[in-house]
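As a basis for the values below, the full set of heavy atoms in this structure was taken, side chains included, without hydrogen atoms, waters or symmetry mates. Note that ligands are numbered from 1 as they come in the structure, with each ligand's atoms numbered from 1 the same way. This one's a predicted model, so the numbers in the text were calculated from it and none came from an experiment.
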Amino acid sequence: MPSGNVIRGARVGSAPMRPDERHQPAPRQDVTYWCRNDHRTDIRIAADATAPPLWDCPRCGLPAGPDAQNPPGRVRAEPYKSHLAYVKERRTAEEGEALLAEALAALRRRRGES
Ligand SMILES: [Zn+2]
């Protein structure tokens with residue numbers, strides 16, 4: 001019977017984790033985003049990850065970007081378009097005139113003006 005077997009009783013896999021694996025979190029990077037309402041959002045992502053270009057502001061829901069002076073909402077916001085503007089996109093002026101004339105003719109018929 002061998003004596004002095006110092007590893008007796010030790011099981012495979014029972015060795016403690018190395019301290020650096022156990023106590024140090026994975027490397028991280030902090031990324032800051034601003035929305036156009038000047039809400040600042042700090043997120044922390046893995047150091048080897050690529051920061052997303054946009055982040056939804058948790059306070060107002062607008063897209064936030066990493067450039068405080070140039071938040072994405074201002075750049076990407078489309079100018080307000082009226083209903084008429086959308087109609088003009090769909091129909092040409094000639095079509096609009098024809099529709100108008102048609103509508104006026106129908107109106108006059110209803111009024112008996114013929
Ligand atoms: Zn915001």
S.K.: I'd like to know if the side chain of Asp67 and the backbone of Gln69 have a donor-acceptor N/O pair within less than 3.5 Å.
M.R.: yes
S.K.: Counting only protein N/O/S, how many atoms fall short of 2.8 Å from the Zn ion (ligand 1)?
M.R.: 4
S.K.: So which atom in Pro71 and which in Trp34 form the shortest heavy-atom distance, rounded to 0.1 Å?
M.R.: CB-O, 3.7 Å
S.K.: Starting at CG of Leu54, measure out to CG of Leu62 and round the result to the nearest 0.5 Å.
M.R.: 11.5 Å
S.K.: With a 4.5 Å heavy-atom cut-off, do Arg28 and Ile45 have their side chains touching?
M.R.: no
S.K.: Are Cys60 and Cys35 side-chain neighbours, meaning at least one heavy-atom pair lies under 4.5 Å?
M.R.: yes
S.K.: Do the side chains of Asp42 and Arg40 get close enough for a salt bridge, i.e. N-O under 4.0 angstrom?
M.R.: yes
